[in-house]
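Shown next, in structure tokens, is the structure this report addresses.
Small disclaimer: the values here were computed from a predicted structure and weren't measured. Counting convention: from 1, in listed order, for ligands and their atoms alike.
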Amino acid sequence: MGTPCIVGTEHATDLLKDGEVITVHATRGIVYEGKIEIQEAKKGVTEKAVSTADLVTATEIKVIMDLPDFAAKAAATGADGVGLVRLEIMIANGGIHPAEYIRQKREEDYVYMLKEGIRKIAKAFVHKPVWIRCSDMRSDEYRNLQGGEKEPHETDPMIGWHGIRRLLDERKILQAEFQAVKELHDEGFDTVGIMLPFVIRVDELRRAKEIMREVGIEPVKDIDFGVMIETPAACWIIEDLCKEGISFVSFGTNDLTQLTLGIDRNNERIAHLFSEMHPAVLGEIAKVIQVCKKYKVKTSICGQAGSKMEMAEFLVKQGIDSISANADVVDEIRQVVARAEKKLLLDAERKKF
Ligand code: PEP
Ligand code: MG
């Protein structure tokens with residue numbers, strides 16, 4: 001949404017009383033007592049960020065776009081498409097858990113709700129790729145939805161029953177999500193692609209492709225069909241995933257870092273150790289890009305790290321095809337990418353002499 005906020009405060013709900021007025025400087029993570037007046041910055045002191053939409057980069061710059069109502073705002077960045085649409089956010093707004101739609105035999109309502117949301121985004125990004133991620137519902141995160149109380153209690157939901165492993169167990173949910181995308185293709189939104197979350201095995205990809213065929217679309221040929229690279233396992237089997245046939249991969253660095261470093265991303269006590277720039281994570285990314293190039297599979301990133309300058313620079317050097325960032329940093333990332341690409345060209349020129 002482009003609105004900074006503070007999370008993980010631990011005591012805020014105890015300390016703050018109903019009706020108490022506070023001022024939040026969310027960009028810096030500071031909470032002031034009372035109402036702080038904001039002084040108008042003197043002219044020339046703060047300059048408005050310049051749009052870089054005219055800057056052409058070889059690496060495509062896309063946005064992460066979870067909220068259909070913000071599609072127009074995200075499209076105004078001039079992004080080359082949407083690298084990640086998290087269906088969970090649409091689902092949460094709808095108030096009903098996907099498993100509950102199925103239990104109530106309301107698959108059609110689920111398809112309709114998804115289509116409404118995705119269509120809004122696709123309309124704002126006409127002729128540009130919009131990659132939808134199949135739902136990735138962790139069992140602890142959506143208990144407040146209708147039917148959420150029936151979710152299982154898992155020891156560690158982060159590495160539990162979610163992503164493609166769950167969707168293949170609850171096949172009707174996956175079918176409905178593919179059906180929504182198919183119907184949007186029929187309406188003419190044929191740049192809408194699909195990606196599978198939390199893949200660890202080739203047969204997950206194979207089985208998901210079969211389900212896509214059942215709804216009447218040939219994966220890869222008729223639709224961008226990709227997998228998220230979010231587990232070390234996916235990095236190790238990347239060659240086999242490419243051989244099985246995919247249009248693209250997208251690095252989900254939030255999970256990839258969590259699983260590679262063994263750091264629970266929900267645990268703020270160890271959050272300082274969480275770094276996507278850890279050599280182990282970078283090594284995995286570099287290897288996957290290299291293999292994908294061999295198989296002409298497009299590479300992309302949709303984890304939070306794509307919004308970070310040092311990661312963007314690293315990815316350009318590795319030859320990634322596209323980077324997805326939050327809408328509020330698209331300009332910044334585009335500039336970093338342009339500079340990194342220029343540097344690569346200059347270095348290559350210098351080498352010639
Ligand atoms: C990721 O893991 O990097 C990702 C984009 O998925 P999520 O943050 O929704 O787990
Ligand atoms: Mg993830």
> Quick one: which ligand 1 atoms are inside 4.0 Å of a heavy atom on G252?
Replying inline: 1 (C), 2 (O), 3 (O)
>> Looking only at the side chains, is there a donor atom on one of D136 and H162 sitting less than 3.5 Å from an acceptor on the other?
In response: yes
> By number and element, which atoms of ligand 1 are closer than 4.0 Å to a non-hydrogen atom of R265?
Replying inline: 2 (O), 7 (P), 8 (O), 10 (O)
>> Could you check whether T253 and E276, counting side-chain N and O atoms only, form a donor-acceptor pair closer than 3.5 Å?
In response: no
> What protein heavy atom sits nearest atom 6 (O) of ligand 1, and how far off is it?
Replying inline: R133 NH1, 2.8 Å
> Are any non-hydrogen side-chain atoms of Q318 and F314 less than 4.5 angstrom apart?
Replying inline: yes
> Where do G245 and V220 come nearest, in terms of heavy atoms and distance?
Replying inline: O-CG2, 3.7 Å
> If you look at D255, which of its N/O/S atoms is nearest to the Mg ion (ligand 2)?
Replying inline: OD2
> Taking only heavy atoms of R86, which atoms of ligand 1 are found under 4.0 Å from at least one of them?
Replying inline: 4 (C), 5 (C), 6 (O), 7 (P), 8 (O), 9 (O)
> Who's closest to atom 1 (C) of ligand 1 heavy-atom-wise, of L84, N254, T231?
Replying inline: N254
>> Can you see whether Q179 engages Q175 through a side-chain donor-acceptor pair at a distance of less than 3.5 angstrom?
In response: no
> According to a 4.5 Å side-chain heavy-atom criterion applied to Ile, Leu, Val, Met, Phe, Trp and Tyr, with indirect links allowed, do W131 and V126 form part of one hydrophobic cluster?
Replying inline: no
> By number and element, which atoms of ligand 1 are closer than 4.0 Å to a non-hydrogen atom of C302?
Replying inline: 5 (C)
> For the Mg ion (ligand 2), what is the closest N, O or S atom on E230?
Replying inline: OE2
>> Measuring only between side-chain heavy atoms, which start at C-beta, is V82 closer than 4.5 Å to K128?
In response: no
>> Please say yes or no: joined through hydrophobic side-chain contacts below 4.5 Å, possibly via intermediate residues, are F251 and I200 part of one cluster?
In response: no
>> Once you restrict to heavy atoms under 4.0 Å, what part of E276 touches ligand 1? Side chain, backbone, both or neither.
In response: neither
> Do E341 and T57 have side-chain N/O donor and acceptor atoms under 3.5 Å apart?
Replying inline: no
> Does some non-hydrogen atom of R138 fall short of 4.0 Å from ligand 1?
Replying inline: yes
>> Checking the N or O distance criterion of under 3.5 Å, is ligand 1 in contact with D255?
In response: yes
>> Show me which atoms of ligand 1 lie under 4.0 Å from any heavy atom of E230.
In response: 1 (C), 2 (O), 4 (C), 6 (O)
>> Just checking: D136, one of its N/O/S atoms, less than 2.8 Å away from the Mg ion (ligand 2), yes or no?
In response: no
